[in-house]
Structure formats: C-alpha cells, structure tokens
Chemist: 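Handing you a structure now.
In the text below, chain A, chain B and the rest are named by the order of the sequence lines, each starting its count at 1.
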Protein chains: 2
Amino acid sequence: MDIARITIAPSTASQVHDWLRKRVQRGDLPPGMRISETEVAAAIGISRQPVREAFIRLASDGLAEVRPQRGTYISRISVSAVLSARFIREAVEADLARAVAEAGPRDMLDRMADEIARQHRADEAGNVEEFIDSDDRFHHLLAQAAGQDAVWADLERLKAQMNRLRHLSMRVFDRSFTIGQHQAILDALRQGDPDAAEAAMRTHLRQMLAEVPQMAAAQPDCFTD
Amino acid sequence: MDIARITIAPSTASQVHDWLRKRVQRGDLPPGMRISETEVAAAIGISRQPVREAFIRLASDGLAEVRPQRGTYISRISVSAVLSARFIREAVEADLARAVAEAGPRDMLDRMADEIARQHRADEAGNVEEFIDSDDRFHHLLAQAAGQDAVWADLERLKAQMNRLRHLSMRVFDRSFTIGQHQAILDALRQGDPDAAEAAMRTHLRQMLAEVPQMAAAQPDCFTD
DNA sequence: AGCTCTTTACTTGTATGGAAGTATGGCATA
DNA sequence: TATGCCATACTTCCATACAAGTAAAGAGCT
C-alpha cells in the first residue's frame, strides 16, 4: 500500500501569498506599485491580518517592500541583485554541465531534447508563458541529471528577480537565439565534452549581461540601482 | 554634504525575528525544539502578534517550521540542504577565486592575510565565535576583491543552515587545518595563478563533504534527510 | 488488559479595534 | 507668491478576543 498522501488545507494567508507572488512574477503587479492591506483584504473579502502576513512573506521573498506607517510597494527590480544572481547561476550551472557531460544519464538528455522541441513549438505559437516554463524545465533537468535536484530548489529563490525581468524581455528578445544556445549545450553534453559543455553554458548565461542594462534603460521606472 | 542617514526604529516583530535568528544560528535553540507564540510573547512581555510574525519570517529563512494547529519547531538541519548549499558555494567561490587571481587588488589580499592572522590568534585562544566570524570575513573579502559584494549577500541566505552546523563542528574538528587551507588559497591568489587558486578553494570547501555525514551520524536528532 | 470515546488543555489561524506615524491639501500669514 | 501650521485621511503596527484544529490523558466499557 502506498503512503497516504495527506494534504492539509492551506491557510488563507498562505493562499494570498501564493496568489500575490504569482501576480508579481508575471508582471501583473508592476514594480513600484503600491498595495494596501485594507484594499487587498476588501477585494478578497477577508480581514486584514492574513493579508498582512502575506505581505510579510512577500517581503521575505524580496518581491515587496514594507515601509512602516507609509505603505507597501512592489519591489523594483534591482539591477545589482539580478547581476549577482546571474553570476551565481553561471558558476553553478557551469559545474552542473561539467558533471553531466562526464557522467550524465542518457534518458535525462533525451528529456532535455524534448524540452527544446517544446520550445520550438512555443516560439512558433508565440506562447511566451509556455516558453519560459519550458526554459526553466530544461535547466532543472540539467540539475537533476547531475543528481543535484536540491540545488535547483535553492536557485529558485535567487531566480525570483530574474523571472520578473524575463517576462519583460521575452517579448522583446529573440527566442530562437535562446533555443540555439540550448541546443549547443545539449550537443556538448551528448558528446561527453565537459569543456565544451561548460563553455556553452557560460555563453548562454552571459547573454543576460547585455540584456539587463538594456532593459533597465528602456524602462527605468521598473528598476533600481 | 552627505546624505543624512535616517534610521527608523525597527518594529517589535523585526527585533524578535533578529533575536530568534541569532539564537538559532548559535545553536542556542537546538534543532527540533518546540517554540510557542504564547510562551515567547509572555517571556518578552508583548502580545502574540509580533511574535507570530517573527515566526513567519523565521520559517521563510528555513530556520523554523510552522505546523498549523500543532506547533512551531526549530528546523532540523537538512543534510541535503547543507550539501546543495556547499555545492553552490564551491562553484561560486571557485569562480571568485579565479577572478581575483587574475585581477585582484593587492590591498584586499593584505586584508585577507590579516584575517588569517586573526584566525591563528582565535585558535590559540580557543575563541570559537571569533574564529567563525573571521572565517566568514575571509570569504567575504574574496567576494569584495572580485567586485561581487552582492554575491556574498545572496550566499548568506544559503549559509544559514551551514552556519548552525559549523557551530557544532568547530568544537570538534581541527581548526589549524582550516587555517592552512586559507593560507594556500591566499598564496595562489598572490601568485596570480587562477588554476591553483580555484583548486585550493575547491579542496577547502570539499572538506565539508566528509564532515557533514560524520556530524549527522554523531547527532542524529539534530539532522534530517 | 485493551479498546473507544470524551474531556480538556493546549496549538496556530483569523477578525477587529485602536495606537502611532506619515503624506496631503487647505488655510492663514508674511 | 511663498511659507508655515494644522486638520484629515490614509498607512502599518500591536493588542485582544474568538474560532478551529490537535494531542494526550482519563473514564468507561468489553
């Protein structure tokens, strides 16, 4: 018999937190926007307390900023935070790529190829959300192939800022370029060439170095630093 | 004229959070311990609400676990979380070491040498707290020397679990060994040898790979996974 | 003894009222 | 016109009361 999977009903505060976090990451709630405990509570039809606790969690995620007695605001995207998260991602995923090139299970590589195919379809269909999700799964599969699934979970926290930026940039930049880089990484992994895999990954993730200042210059209200 | 540095009085909830976080990291509140909103509030002499909000933040830090209607517990140290944080640190600090070896400012290297001297003194005096603090400053200086101060701030979040473990292990393991590894890293940086610097850093941080399972086996109640 | 139900004493979650602080617009004054 | 004061309408923060759920001890029955 399987272990019964018990699911407890999530608290109101937790649900509000999830709801807000998704809306912030999708850019539905734009950077700099003011949100109010009272307003959100009235809109949902609950008291202020659960909303307040959701705000606290949102602030812990770095997605909101609570200024006492002044108001709560959706965080602007910190350029330096994005760049340092990018630095960390490059270092980590370079090591992951090396590890997989040296001893990666073949079936995981096949699954990565599947994701690239999905990215082609999402690109042609103009489905930005699906493209971003598949992009994430591609990199997640790399971590799993290296036997470091937990590492990806840790990176998720750092990716919070990058995700918001990506929802802006994906409508602007060339997605087929991204797909080509994914393919280059996978090719190197398949050939079992650690140096090539690392180089391809670093090239891929350094793409952001040029894009971030460009995005920040185009929409200065959304950014800080 | 300088910008006036305005400091707002931190909220009660924020102060309680800081207090609890330090106590958890120092091992003062042991893993698995049960804490109660009511008890803490009574001990401090305030109402439950600020304490409750401090608990929420502590849970966001991964240092506590709130089980609805059941109780709140200090998180056990997750072996897999520590190992994945270690993996990330190795990857990041390897890149940092390379960068500094290639183009690191000399004065920062001198400050790193100062820290090693402090570590010798702290070791002889048996001052574990000071040794750990200096150890942190040594690695922080490396990030600053690479012009990536923000990266260290991001790593702080991941180090939360590792810090608790270190307070346990530092009383057990050989500190002079650690100092020797720091010296080896600094020597490679001074010689401007990126490969040697990276190798020394990876060796240093892989030390934990052997220690963590050893610690977990010795004190199973404090760990999970 | 062993099992079942109930009571009771907890826990965290939510609602609400008021306290303290901040920004803003209006008004009097120079 | 420009400046300073002040009432007012917000905001978040804290205290308190109650609701809902859990766990363990104990009574009563088989």
Chemist: I need the CD-C1' distance between B:Glu37 and D:dA17, as an integer number of Å.
Modeler: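 Between C1' of D:dA17 and CD of B:Glu37: 15 Å.
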Chemist: Of all the nucleotides listed (C:dA15, C:dT12, D:dC13), which has the minimum atom distance to the side chain of B:Ser11?
Modeler: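 Side chain of B:Ser11 sits closest to D:dC13.
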Chemist: Within the structure provided, determine whether B:Asp136 and B:Glu115 are in side-chain contact (heavy-atom separation under 4.5 Å).
Modeler: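 No; the side chains remain at least 4.5 Å from each other.
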Chemist: Mind checking B:Ile35 for me? I need base, sugar-phosphate or nothing, with any heavy atom below 4.0 Å counting as a touch.
Modeler: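 It contacts sugar-phosphate atoms only.
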Chemist: Take the protein atom CD1 of B:Ile56 and the nucleotide atom C1' of D:dT12, then report the distance between them rounded to whole Å.
Modeler: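 Going from CD1 in B:Ile56 over to C1' in D:dT12 covers 15 Å.
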Chemist: Please state whether the base of C:dT11 and the side chain of B:Gln69 form at least one donor-acceptor pair under 3.5 Å?
Modeler: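 Absent.
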Chemist: If you compare every side-chain N and O of B:Thr12 against the phosphate oxygens of D:dC13 (OP1, OP2), does one of them come in below 4.0 Å?
Modeler: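 No, outside the criterion.
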Chemist: Examine the base of C:dG13 for any acceptor or donor lying under 3.5 Å from a partner atom in the side chain of B:Arg48, and report the outcome as yes or no.
Modeler: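 Answer is yes: a donor-acceptor pair is held.
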Chemist: Counting heavy atoms from C-beta on, name the nucleotide in C:dG13, C:dA15, D:dT16 closest to the side chain of B:Arg52.
Modeler: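 So the side chain of B:Arg52 is nearest to C:dG13.
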Chemist: Counting side-chain heavy atoms from C-beta on, which of C:dT11, D:dA23, D:dT16 comes nearest to B:Thr38?
Modeler: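 The answer is C:dT11.
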Chemist: How many whole angstroms separate atom CD1 of A:Ile44 from atom P of C:dA15?
Modeler: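 Rounded to whole Å, this separation is 11 Å.
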Chemist: Relative to the 5' end of DNA chain C, which residue comes earlier, A:Pro68 or A:Ile46, by the nucleotide with the nearest heavy atom?
Modeler: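 It is A:Ile46, whose closest nucleotide lies nearer the 5' terminus.
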Chemist: In whole Å, what is the span from the CZ atom of B:Arg67 to the C1' atom of C:dC10?
Modeler: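 From B:Arg67 CZ to C:dC10 C1': 15 Å.
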Chemist: With a 4.5 Å limit on heavy-atom distance, are the side chains of A:Arg86 and A:Val212 in contact?
Modeler: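 No, every pair of side-chain atoms sits at 4.5 Å or beyond.
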Chemist: Measure the distance from CE on B:Met33 to C1' on C:dT11 and round it to the nearest whole Å.
Modeler: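 Answer to the nearest Å: 16 Å.
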Chemist: If you compare every side-chain N and O of B:Ser36 against the phosphate oxygens of C:dT11 (OP1, OP2), does one of them come in below 4.0 Å?
Modeler: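 Yes, because at least one side-chain N or O of B:Ser36 sits under 4.0 Å from OP1 or OP2 of C:dT11.
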Chemist: In terms of side-chain heavy atoms, does B:Glu93 have a donor or acceptor partner in B:His139 at a distance below 3.5 Å?
Modeler: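 There is such a pair (donor and acceptor under 3.5 Å, judged by atom type) between the side chains of B:Glu93 and B:His139.
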Chemist: Would you mind reading off the distance between A:Glu53 atom CD and D:dC14 atom C1', rounded to a whole angstrom?
Modeler: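 A:Glu53 atom CD is separated from D:dC14 atom C1' by 13 Å.
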Chemist: I need the OH-C1' distance between A:Tyr73 and D:dT12, as an integer number of Å.
Modeler: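 To the nearest whole Å, that distance equals 11 Å.
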Chemist: Considering residues, nucleotides and ligands other than B:Arg111, do more than 12 of their heavy atoms fall under 6.0 Å from its CZ?
Modeler: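 Counting neighbours around CZ of B:Arg111, 12 or fewer heavy atoms of other residues, nucleotides or ligands fall under 6.0 Å, so no.
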Chemist: Taking atom types as modelled and ignoring hydrogens, do the side chains of B:Glu65 and B:Ser75 form a donor-acceptor contact shorter than 3.5 angstrom?
Modeler: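 No pair is found: no donor N or O on one side chain lies under 3.5 Å from an acceptor on the other.
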Chemist: Ignoring the backbone of A:Arg70, work out which of C:dT22, C:dG13, D:dT22 is nearest its side chain.
Modeler: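 So the side chain of A:Arg70 is nearest to C:dT22.
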Chemist: Nearest-Å distance, CZ (B:Phe55) to C1' (C:dG13)?
Modeler: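 Distance check: B:Phe55 CZ to C:dG13 C1' gives 14 Å.
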